[in-house]
Structure formats: C-alpha cells, structure tokens
Amino acid sequence: MTVKTIFETMDYGTAPESPAEALGWLAEKGGRFGHFIGGAFTDPSPDFESRNPASGTVLAHLSTATQADVDRAVKSARHAQPVWEAQGGHARAKVLYGLARLLQKHARLFAVLETLDNGKPIRESRDIDIALAQRHFYYHAGMAQLMASECPNQVALGVCGQIIPWNFPLLMLAWKIAPALAMGNTVVLKPAEYTSLTALLFGDICRQAAVPDGVVNIVTGDGGVGEKIVNHAGIDKIAFTGSTEVGRQIRQATAGSGKALTLELGGKSPYIVFDDADLDSAVEGLVDAIWLNQGQVCCAGSRLLVHEPVAAAFHAKVKARMDRLRIGDPMDKSIDVGAIVDPIQHAAITRMVNANTDGETYVTAAKIPSTGCFYPPTLITGLSPSARLMQEEIFGPVLVSTTFRTPAEAVQLANNTRYGLAATLWSENINLALDIAPKLVAGVVWINGTNMFDAAAGFGGVRESGFGREGGWEGLTAYTKPAGTSLPLEKIPMFEAKTDPPPKPDASVGVGIDRTAKLYIGGKQSRPDGGYSRIMYDANGAPLGQAPIANRKDIRNAVEAAQAAAGWAKTTGHNRAQILYFIAENLSARHAEFAANIDRTTGGNTGQQEVEASLSRLFSYAAWADKYDGQAKGVPMRGLALALHEPVGVLAAFCADDCPLLGLISVMAPAIAMGNRCVLVASEPFPLIATNFYQILETSDLPAGVVNILTGPHNDLVGPVAGHFNLDAVWSFSSSDLSAQIEAASAGNLKRTWVNNRQACDWFAPATEGRHFLAAATEVKTIWVPYGE
Amino acid sequence: MQTMIDPVSLQLPQTVEPRNPGQDFDADWLRSLQANTSAIERRAKTLPGRRSVKKDHQAAWLLKAITCIDLTTLSGDDTAARVQRLCAKARQPLRADLLTALDMPQITTGAICVYHEMINPAVTALSSSGIPVAAVSTGFPAGLSPFHLRVAEIEQSVAAGAEEIDIVISRRHALSGDWRALYDEVRSFRAAAGHAHLKTILATGELGTLRNVARASMVCMMAGADFIKTSTGKESVNATLPVSLVMLRAIRTYFERTGYRVGYKPAGGLSKAKDALVYLSLIKEELGPRWLQPDLFRIGASSLLLDIERQLEHHVTGNYSAGYRHAIG
C-alpha cells in the first residue's frame, strides 16, 4: 500500500511488537524447560507444549512435575523457610525490592513473552499486567520492611502452595508470591499449563535478584500437579485462583488437614448503568470490563444491567463501539481484543453461546482473523435472570444484558447470583452511587470505572467467588498466623449420673419448681422440634436439669430467624455498642448466680473469674463496635479506594465446650458487634449456662433473631450446619472433632470457616479477643470512587 | 446525506457535507448531557497506548495532519509581509523532494488563520490556491466588545474575503448557565457569517468543567456552528485530550440525533507530530474516518508543522532531521 493510498483510506496499518528478544530467551534455554526448584532449573523431561494461541505455533516444551518433583520442591521450600523468615523484614524487603526492579528492567521481555504465550494484546501485558506485577513487589517490599512493627504478633505460615490461572499469568504470580515472601513464607507455585513461560522467566530472574535458594520454587504441569500440591502434607497453606469448581474441590481436599486456604474464584459481575450516567464513558468502561483480556477475567463486568429509560440508547452505543474494536494479532500494538487462550476455551465459549436461544444476539461487525483462536465480541440483550447465560460464567468476550426499573431492582438483579466478586455502577449522582455500592454483594465495587486494581487495595470475593483478600493490609492475613503454639484439645465429656437410679434433684436448689430449658430462636424460647431432651448432671453426678436436643429443623428455623433479622447489619456501631453494654449490665446483675452455676455445672472453681472475663469481653466488643474502622487506601489515582468492614452475614458457631459462658460470649460478642447475626450451638457438656444466658439477652433490647442459641450433640448438628446454603460462615471451637467435616461440607456454598483443628484455646487470654475475631467477623469490601469535575 | 468524494481531491479543503442548519434550542437535551471527568481522563490517557501508527502509515497520517492545519498567526506585530510569508508556507508546507520521495502530489494546509486586518493580504497571497482564509472575530480572544460591533466584525471579515469565521463565545453565558443567551448569540453570529463557515471557539480552559464543555458544544451546534473549536490559543490551558473527547462525543451525539456532521478544531497545545497522530486516532475512534478530512477536522497550530516536516524527513531518509532544513513560514 502506498503512502498516497493510506493518505486516502487513513487505515491504521500494523504496529507489530517484535518477538525476537522473547524468542531469543526461549532459544537460549533450549526451548525445553524443567522446574525451578531450590534455585536451579531441573533437567527438562518435556511432555507437553506451550503454544501461541494466536498462531498455534509451539513456543516451548515443558515438563509435568512428578510426585518426586513436587516432593523436592516442598522439601527445598521447607528447608529454606526458617532461614528466610529469621533473616528479618529488612533483608526480605531488599530482595523484594530487587525483584521489583528486575521486573522493571526486563519489563518488555516479560510483556512480549506473556502475549506470545497467552494471546492477550501486547498493550495489556505491557501497560497492565507487568506494570501491576511490579507494583505488587514494590508494595510488598514495604510490607516486609514494616512487618515487625505493624504485625507484631504475627508469624509466617510456612510453606505456601500456590496455584494460579492462565488469564493473568505473571500478575497472579506476583499477587501470590509477593505477600507470601514479604511475610517470611516460602512458596511452591504452579502456573497454569497453558501459560507457564513468564513464571519460568521469573524463576530465572529470582537468581538475578539473589532470592535465596528454595524460597521460590516453580513446578509446571496440569491440574494433576495442582492436586499433588494441594494434598502435600508438607504444605501449610494453599492459595488458589481459578474456577469455582476447582476451588470447591480444593476446599474438600484440604478439609481437616489444618492447611490455611484462600480462594479467588469465578464471577458473574454486574455492570449497572443508571439513567444519569455519562453513557459514553460507561460504554468505554465496558470495553475494559468485558473485552479486556478477551473477557477471560474473573471479575469481568459480564452482566450488563441498564436502567430502562436509557436502555435502547445505551445498547445502540455499545453495539457501535463493538464494531470499532480491533481484533487480531495480539502482538500488534493497536489491537483491542486478542486470542482466546486455547482452542478448548474457545470451544467452551462457543458451546455456551450457541446453546442459548433467548434474547437478541449481536456480534461485532469488526473483522476477525480467519485463523488463530479468536472469538468475536458479542452482546446478548433481553435476557431474563433465569437464562443460563445470566447465571453462569462464560469467561469470554460475551456480554449479557437485561434492564431494570428502579435502584432497588438494580440491586436485586445484581445480587441474584451465587457469585460475589466485583460490581460496577455508573451514575453521576453521588447519593445514588454511594447508596448502592454498600448494597451490592461483592468484594470489590467500582463506581464510574471498572477493573481498577492496585497492590494497596484488597481484591477478593464473597459467596462462591471465594474467600480471602489479595493486596493491602488485609491481604497479609492470608500469609500469617498468630504467634505462639497451641495444645491439643481433648474431648470434654458430659458428667454422668453417679448412681443408678440417679439421685433426685436437690429440692434446696431454687425453690423446687421444675424449670424447662429451651432453645432460643428468633427471640423466643422454643421447644426442640424433635421433642427430645437429655438430663444433664453436675460433677457429683447429681442432675442439673434437662437440656433440649436440637435437630436439623431447629437449625433451619434458627437460620431463617437470623436471616430475617437482616436489619441488624444496618444498625449503627453506636447502637450495637449500647446493646452489648446492656447485656453486660444485665449479666452483671446476676453475676453471683452465673458464677455459682458455672462452678456447679463444670465442677470447677473459676466461675467467678469466667463471669468477670465475660463482662470484660462484652465491654471490649461494645468498645470495638464503632471503632473497627475501614481505610482509605493509598492507591495511585485521584480518587478513593475505601476498604469497608462489612459483616459476613449469618454465621453459626459451635461454642467452646470448656468455658460455657465465656466461650459463647467470645464468639457472640464480636459477631454481633460487627453486625452479623448468629446461630450459636452451646457447649455440649454444659449447655444449661447458655439456656440461662438467653434470659439475659431477652432483657437487653437485642432484636429478635440476631442471636439464636441451640443445644445438643455437636456431632449431630454439624452436618446440617456446615452444609446449609444460607449460612455465610461456620466457626468451631468445639472439643468434638468437627473441623474436617465443617471444611468439607462448607464447599457447597463456599462459606467461610474458622475451625480449631482440635487445638485448645485459652479463653481467658488476651489473644482470644480483638482484631483476630473482628477480622473473621467481617469481609473487606473495596469501593473505588474516582472523582474529579 | 454524505456526498461521494473524489479521493484525489480530498486533500483540498472543501465542503461536501450539507451545512448544519442548527436546531431549536432544547434545554432538556442540554441537561441530559453528562461528562464524568475521571472516566474521560482515563480514556484520554490510555488512548495513545491503544493505537500506534507506524512507518508508511505514520507518514501518510502526518501528511493528512498537514492538510488539516489552520496555519495561524495571531500576533499584535503581524504585518502584511509576515502574513504573505505564512501563506507561501501554506501553499507549500512540505519540501518538494520529500513529497517526491513519498510519491505524493502537492498538498496544502487546511487554511490560513489571521486577524481581520490581515485578511486582505492573505486573500491576495492565496489567490487561486483554493486555500481558504479564516479570520478570528467577535472581539477575539475575550469576546467582550459591544455585541453590535462583534456582529459587524463578522460581516466585515466576510466582506473582506474570509471564508471561515472563528468566533469566540461569551464565556459568561456558559458560566452563568444562561444557555439560551449563548444560543441566541451564536445564532446571530451564524446569520452574520452568511455563506462563510462558522467555527465557534469555546475557550474550554475558561469553562470550568467538562460538563460545561459538553453543554457549550451542544449549544453551539444547535445554533448552527459548522465547527466547534477548543480555544483561542490565548487561554492558559488550550486543547487537551479530555476536552477533545468531550467535544467529539458531543459532535457524535449531535450527528446521531440530527444527521448533520459538525467539524472539530483543537487549537493551541498541539506542537508535536506525535500529538497530531494521537488526535487523528482519537477522532477515528470516536467519530470514524469520515471526520479525518479537512472539511471536518482542523488543527489550529503554528509550530506543529515544523515537527511534522522533521518527522517526514526522518521517515524518508532514516536520519533525524534539523529544524533549519525546512523553510519557515
């Protein structure tokens, strides 16, 4: 084409990035790779290929890690960990800083290699992926430096197994490795089989950065290698980013193993456009929401919800914009949409879209390359929430849409999903925007923008989008644990009758009138659904009374009552503090009675001390109710990134068996202080303290349903509790061995779990109070509010 | 609506679009216009990274940019001779050997832009070149002289041979929200301009907000502007990408609603060849290729041309150029 012709047509032409340097690096390595273990590459034994999805050409031959490889990697990480942690924050900060600098120095090499391997446009790998990866290492170099002063009672978890996806290969590596290393952990990381090359290059870079041998280990291969990591006994923590389906399997596989777990899973994130939005900017936002990385983004704004008054105009604008997208060679600097990562993914997208017969499908009029793994940007309008494409993740450049009438309906539609990763909303009305953002069930909310990320701001989901946050201070909890050691917890048995037949109740206790302990559900004392009770005895074998035996229907009723008390989450911290103080006041009035009952029930002599500790604990969480502040993050933009502490929702807890009052209050108080509603299963051997305690709750202005108390055998109740789809979290401090069962069954709706793994807890210690509990009782929601007029 | 254009004659600034006749004042439409500054800035910031024009394409685009330049002198010390020199440059903006190397016919700049008193020498110097003379008018740059004098200034400039009139709007009307007054004012200017094309200068650097830029753009188009133009070049902030994005989107909205294409002219602040490429790609992205012709796109600039000449020489020879190798205007 001559200059003269171009002068007339004004075409863009091509602006190809050269692959030479990246191909040169691959060639230098012989095009064949082993694993990066203990600071060196193992001998390659290639059995799979990494291909360029845009052309189908083979880039390198890679090796699938065997059990022996994984064992070696874990062993090398284990060996390196204590030294790495003991080096101290400053030493680790220097290494992380070095990694950040090297990522910067080799920025173009990483970007080109990423695009060759993954198919994403070079603009994205250059301006987004690699830039953010650098930022994560810089940010966490700082966290390593500050760990000793800012996280004084936290220590490293140990060896972290990290499994990352193919959509942001190096960036996900950075999100995983930077915080882990900063906190003194060592890692065994497995990149996705489609996209291992930048991880291997990173291994190469680790040698330049003087990362001690064994601190970073990288093994390649498919899901089978991932399973070997997940099931490895020598690993203390699993961090996974990927599909909800695999996340569920990992939750089940690690159940009861004592491994810490964070999951960043799928999404079907709503993109809400109100009628007062800057529609042109909202259209441009969609380009970043659903066509970034060909829509292969877990937090892609894939569900477009448009206000009815502007729906037709907005959809017309979206279609026009789709026609101007440039789709093609990802190595071209002027390409908006590159190649789908692999033909298998392409086939999956095609299958899902072709199976849909609802709504109207609009496919971009832009040219699509005839060869290579390309899928045309697609918009499907007029879908109802029940359509499969409105519910399930497509993970491709396909946008589905419906309309709404009112802000309330927008929220309802947005939240009508099992997922809860991200949400976007567009409005020029600050009142509307700031009203809607907290109502959206998502870990991240973007106002008038989308897909904004930064190392300083937490990222992660709620519901079936997973748990744990990456980035920010909140991200550090995923790689640390409280310092100190714990002792194993033995099952605490109930006291039994000493004589047969048992002695009659002591008529001198009380005034001799029979008392009926009940369950406490929805603010009412109710008899157990099954109609069974069991006799409880004191240490001398004398009967204390009968405790109701709750069954699955009582659990159902308690959860429903708790769900109905949703207004509690909207009360003010001040209001919740008042109620906690009032509970303490009323408990204090019956101090002597509770102390005596605890002594008699448990056969101990610490009743007085336990009541005092309980009063103090209630005061502590009354104090915290309006002080567990969120943060405004230091993100590099003009705007606010607000980290809000939101209640987890409805949580169930198996309370400690040993301290029947203090154990219950230690979980109830932080839960309700943060706005949660709870279902508490009382101490199994000493339930009658809890059934006395609900009388205190009844007189303390606590709204019905906020706290529900059940009694009964923990082992019988754990199944229906852990499997309940409408519970958001389950905690267990029981002396019964519930941990594995809770973790395994929680996979159903990926509820948050906090279990003791049969480790004892000193309920009187200061460590069993405060931020640790508050963090477990809250989710961090990051709301991005760019501003400027 | 669009007339077919002979590709060879595209380089000549000529109007083949039906002129925008203007519309009735529509306050509801104005109120519905929104401009989210952060989102607009984000788009503007990432655009240069999203589009890259290289090699022959870059050369062709830079040649196009030359044909869209309103070569401008607006100084108190302008003289007839100074303007004649500029006109000579407008006729032959690029060295002949470079044109030959690029296998291009002669091109010219889009127009010459001067004050009223310089119209005569410019018209004379440009006779039979086809290059129109644009005159800044209506008490440029502040626009605060008596209304009847501003109208008369347009009439006299048209009478003197100006084919394009660059008027300045009364910023006070925009800032006080009196959009109706602004509409009436531009309506009068359009009437006074007659057959001459009306470019309305918004002085965006003085409008305070991007929302005001969007609304002022729309009012001017409603009142019959042929072009909307960012700035006089005399404000402290002149053409920027965010402002351009807002104005281009207003043009698109107006076209979608009325079917009339209004032209766009950024002025001041474009001094590098790279800037010109970014603006061209922004227009291509937001409005489409039809707007990349001089009848719908002009750049108000004085130093841009030299940078383009240097880039083109680099393209042709492979060596970086020097300013003195290109004739001054």
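Letters A, B, ... are given to chains in the order of the sequence lines, protein chains preceding strands, and every chain is numbered from 1.
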Pair A:E114-A:S125, side-chain donor/acceptor within less than 3.5 Å: no
Contact leader toward chain A among B:A214, B:S32, B:G49, B:P289, where contacts are heavy-atom pairs under 4.5 Å: B:G49
Distance-only donor-acceptor check, side chains B:S176 and B:R172, under 3.5 Å: no
A:D323-A:Y362 side chain donor-acceptor pair, cut-off 3.5 Å: yes
Partner chain B: residue of A:M1, A:E124, A:R326 with the largest heavy-atom pair count (under 4.5 Å): A:R326
Winner by heavy-atom pair count (cut-off under 4.5 Å) against chain A, out of B:E256, B:R211, B:Q58, B:E286: B:R211
Polar side chain donor-acceptor pair, A:S281 to B:R249, under 3.5 angstrom: yes
Under 4.5 Å from any heavy atom of chain B - which part of A:A277: backbone
Euclidean distance, B:N36 CG relative to A:N448 CG, rounded to 0.5 Å: 4.5 Å
Exercise: do B:T204 and B:T230 side chains pair donor with acceptor under 3.5 Å: no
Check: A:Y12 ring centroid to B:H57 ring centroid under 6.0 Å: no
Structural part of A:D275 lying under 4.5 Å from a heavy atom of chain B: neither
Which atoms of B:R43 approach chain A - backbone, side chain, both or neither, heavy atom under 4.5 Å: side chain
Residue, of A:T2, A:T5, A:D11, A:D127, that accumulates the most heavy atom pairs under 4.5 Å with chain B: A:D11
Under 4.5 Å from any heavy atom of chain A - which part of B:K55: neither
Interchain contact, B:R252 with chain A, by part (heavy-atom threshold 4.5 Å): side chain
Contact class of B:R42 relative to chain A, heavy atoms under 4.5 angstrom: side chain
Pair B:K274-B:Q311, side-chain donor/acceptor within less than 3.5 Å: no
Per-residue contact mode, B:L245 against chain A (heavy atom under 4.5 angstrom): neither
Contact class of A:E284 relative to chain B, heavy atoms under 4.5 angstrom: side chain
Whether B:F255 and B:W291 hold their rings parallel, tilted or perpendicular, with breakpoints at 30° and 60°: perpendicular
Contacting moiety of B:L292, where chain A heavy atoms sit under 4.5 Å: side chain
Short side-chain donor-acceptor distance under 3.5 Å, A:D276 and A:H307: no
Part of A:T14 lying under 4.5 Å from any heavy atom of chain B: backbone
Per-residue contact mode, B:D56 against chain A (heavy atom under 4.5 angstrom): both
